[in-house]
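Right, one structure below, let's go through it.
Count residues from 1 along the sequence. Only this structure's heavy atoms are used, side chains among them; waters, hydrogens and symmetry mates stay out.
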Amino acid sequence: MANFDGPGFAMVDGYWIQTKAIDIEPSTDISPYLSRLLEDCVWNGNRAIVFDLYWDVSKSVDTTKSQWRLSSVKLSTKNFCLFLRLPNPFTDNLKDLYRFFASKFVTFVGVQIQEDLVLLKENHGIVIRSSLEIGKLAAKARGTPIVEFLGTRELAHKILWYDMSRLDSIQSKWDEAGGNDRLEAAAIEGWLIYNVYDQLQQ
C-alpha cells in the first residue's frame, strides 16, 4: 500500500491531512498512490477527488497550438493530499494519470476548471470523464449566482465560515514560503473544497 509519508497537517476542525509530494521520473510508479486516493474517496462515501492543475508556458515555437504545458497536479481526498510534479516531456508512466482522470467511479471536483479541462484535452489528450465545477453547484444550491465566480478561499469562506488565518499567513509571504508551507497550503485548499462539496451534498 502506498505510504503518504510526507508531513501531516492539522486542519482548523482538528482533522488531520497526510501528504505526499512526488517529482515524477521515468521509473516512478504513481499507480499505488492514485489507487490509495480512489480507495479513500470510496470509503468515505462521496466518491469525490478534489483536483487543481498548474501550468507552465511551453517552449514550442508552433504558434498554431496552445503553449500551455501541465507542470503539476494536486489531488485531495478526505484524508490525503498528493502533489505531483510532472516531467517535461511527459513519460510513459503518466498513462496511469490519464487512466485515473478517465475513471467513471469518482467525480473530480475543482474551482474554475473549465479552461483547465479544455487545455488538458487540447494539449495532452487527457479527458476527465466526470468533473464538477464546485462554484456552479454552490451558486445553484445557495441561489446566489455570484458564488460561481469565487476562488477557493472566498468560496470556502462563504459556504463554511472557517478560520482562514493559517492559509492567509502562508499566502501573504508566498515567495519566502518553504516547501512544507506550500504543501500545507495545498492541503488546506484541497480540504476546504472537499468540505464545501460535502456540505453542498447534504
Quick one: does [X]'s side chain have a donor or acceptor within less than 3.5 Å of a partner on [Y]'s backbone?
{"X": "Arg36", "Y": "Ala2", "result": "yes"}
{"X": "Gln18", "Y": "Gly6", "result": "yes"}
{"X": "Glu25", "Y": "Ser27", "result": "no"}

Heavy-atom side-chain proximity of [X] to [Y] below 4.5 angstrom:
{"X": "Leu132", "Y": "Leu137", "answer": "yes"}
{"X": "Ile49", "Y": "Leu38", "answer": "yes"}
{"X": "Asn93", "Y": "Asp29", "answer": "no"}
{"X": "Ile188", "Y": "Met11", "answer": "yes"}
{"X": "Arg99", "Y": "Asp96", "answer": "yes"}
{"X": "Phe4", "Y": "Thr19", "answer": "no"}
{"X": "Arg85", "Y": "Ile24", "answer": "no"}
{"X": "Lys74", "Y": "Leu82", "answer": "no"}

Distance-minimising heavy-atom pair for [X] and [Y]:
{"X": "Thr107", "Y": "Ser131", "value": "CG2-C, 4.2 Å"}
{"X": "Leu192", "Y": "Ala156", "value": "CB-CB, 3.9 Å"}
{"X": "Gly190", "Y": "Val50", "value": "O-CG2, 3.8 Å"}
{"X": "Phe9", "Y": "Ala187", "value": "CD1-CB, 4.2 Å"}
{"X": "Gln199", "Y": "Leu160", "value": "CB-CD2, 4.3 Å"}

Original post:
Are Phe80 and Trp191 close enough that their ring centres sit under 6.0 Å apart?
Top reply: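 No, ring centres 6.0 Å or more apart.
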
**OP:** Check whether the ring centres of Tyr54 and Phe83 lie less than 6.0 Å apart, and answer yes or no.
**Re:**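 They qualify: ring centres under 6.0 Å apart.
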
May I ask whether [X] and [Y] are part of the same hydrophobic cluster, defined by side-chain heavy atoms of I, L, V, M, F, W, Y residues being less than 4.5 angstrom apart, directly or through others?
{"X": "Val127", "Y": "Val73", "value": "no"}
{"X": "Val42", "Y": "Phe108", "value": "no"}
{"X": "Tyr98", "Y": "Leu75", "value": "yes"}

Original post:
Do the rings of Phe90 and His124 sit parallel, tilted or perpendicular, given the 30° and 60° boundaries?
Top reply: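 Ring orientation, 0 to 90° scale: parallel.
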
Subject >> Test log, rule side-chain hydrogen bond (donor to acceptor under 3.5 Å, both in side chains), inputs Asp116 and Trp55 >> reply: CA-CA 9 Å; Asp116 284 331; Trp55 301 88; 2.8 Å; yes

Rounded to the nearest 0.5 Å, how far does [atom2] of [Y] lie from [atom1] of [X]?
{"X": "Ile193", "Y": "Asp198", "atom1": "CD1", "atom2": "CG", "result": "12.5 Å"}
{"X": "Lys20", "Y": "Leu183", "atom1": "NZ", "atom2": "CG", "result": "11.0 Å"}
{"X": "Ile113", "Y": "Leu53", "atom1": "CD1", "atom2": "CG", "result": "9.0 Å"}

Subject >> Residue list, salt bridge (Lys or Arg N to Asp or Glu O under 4.0 Å) with Asp92, at least two apart or on another chain >> reply: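 Expected list: none.
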
Original post:
Phe100 and side-chain contact (heavy atoms from CB on, under 4.5 Å): which partner among Leu94, Ile30, Ile128, Leu34?
Top reply: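 The side-chain contact (heavy atoms from CB on, under 4.5 Å) with Phe100 is passed solely by Leu34 among Leu94, Ile30, Ile128, Leu34.
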
Expected list for residues 140-153: side-chain donor-acceptor pairs under 3.5 angstrom, two or more places apart:
{"from": "Thr144", "atom 1": "OG1", "to": "Arg142", "atom 2": "O", "distance (Å)": "3.2"}
{"from": "Arg153", "atom 1": "NE", "to": "Asp168", "atom 2": "OD1", "distance (Å)": "2.6"}
{"from": "Arg153", "atom 1": "NE", "to": "Asp168", "atom 2": "OD2", "distance (Å)": "3.4"}
{"from": "Arg153", "atom 1": "NH2", "to": "Asp168", "atom 2": "OD2", "distance (Å)": "2.9"}

Please list, chain by chain and in numerical order, all residues satisfying side-chain contact (heavy atoms from CB on, under 4.5 Å) with [X], sequence neighbours excluded.
{"X": "Arg129", "answer": "Lys104"}
{"X": "Ala48", "answer": "Asn46, Val109, Tyr197"}
{"X": "Asn79", "answer": "Tyr15, Asp40, Asn44"}
{"X": "Trp161", "answer": "His157"}

Original post:
Does the pair Leu86 and Ser71 meet the rule for a side chain to side chain contact (heavy atoms under 4.5 Å, CB included), with working shown?
Top reply: CA-CA 5 Å; Leu86 309 183; Ser71 61; 5.8 Å; no

Original post:
Going through the checks in order, is the salt bridge (charged side-chain N to carboxylate O under 4.0 Å, His left out) test met by Arg166 and Asp181?
Top reply: CA-CA 10 Å; Arg166 177 55 184 158; Asp181 285 338; 3.2 Å; yes

Original post:
Are Tyr162 and Leu167 close enough, and set up right, to give a side chain to side chain contact (heavy atoms under 4.5 Å, CB included), and what steps lead you there?
Top reply: CA-CA 11 Å; Tyr162 284 166; Leu167 181 60; over 6 Å; no

Subject >> Glu115 CD: over 12 foreign heavy atoms closer than 6.0 Å >> reply: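 It does not: Glu115 CD has 12 such atoms or fewer within range.
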
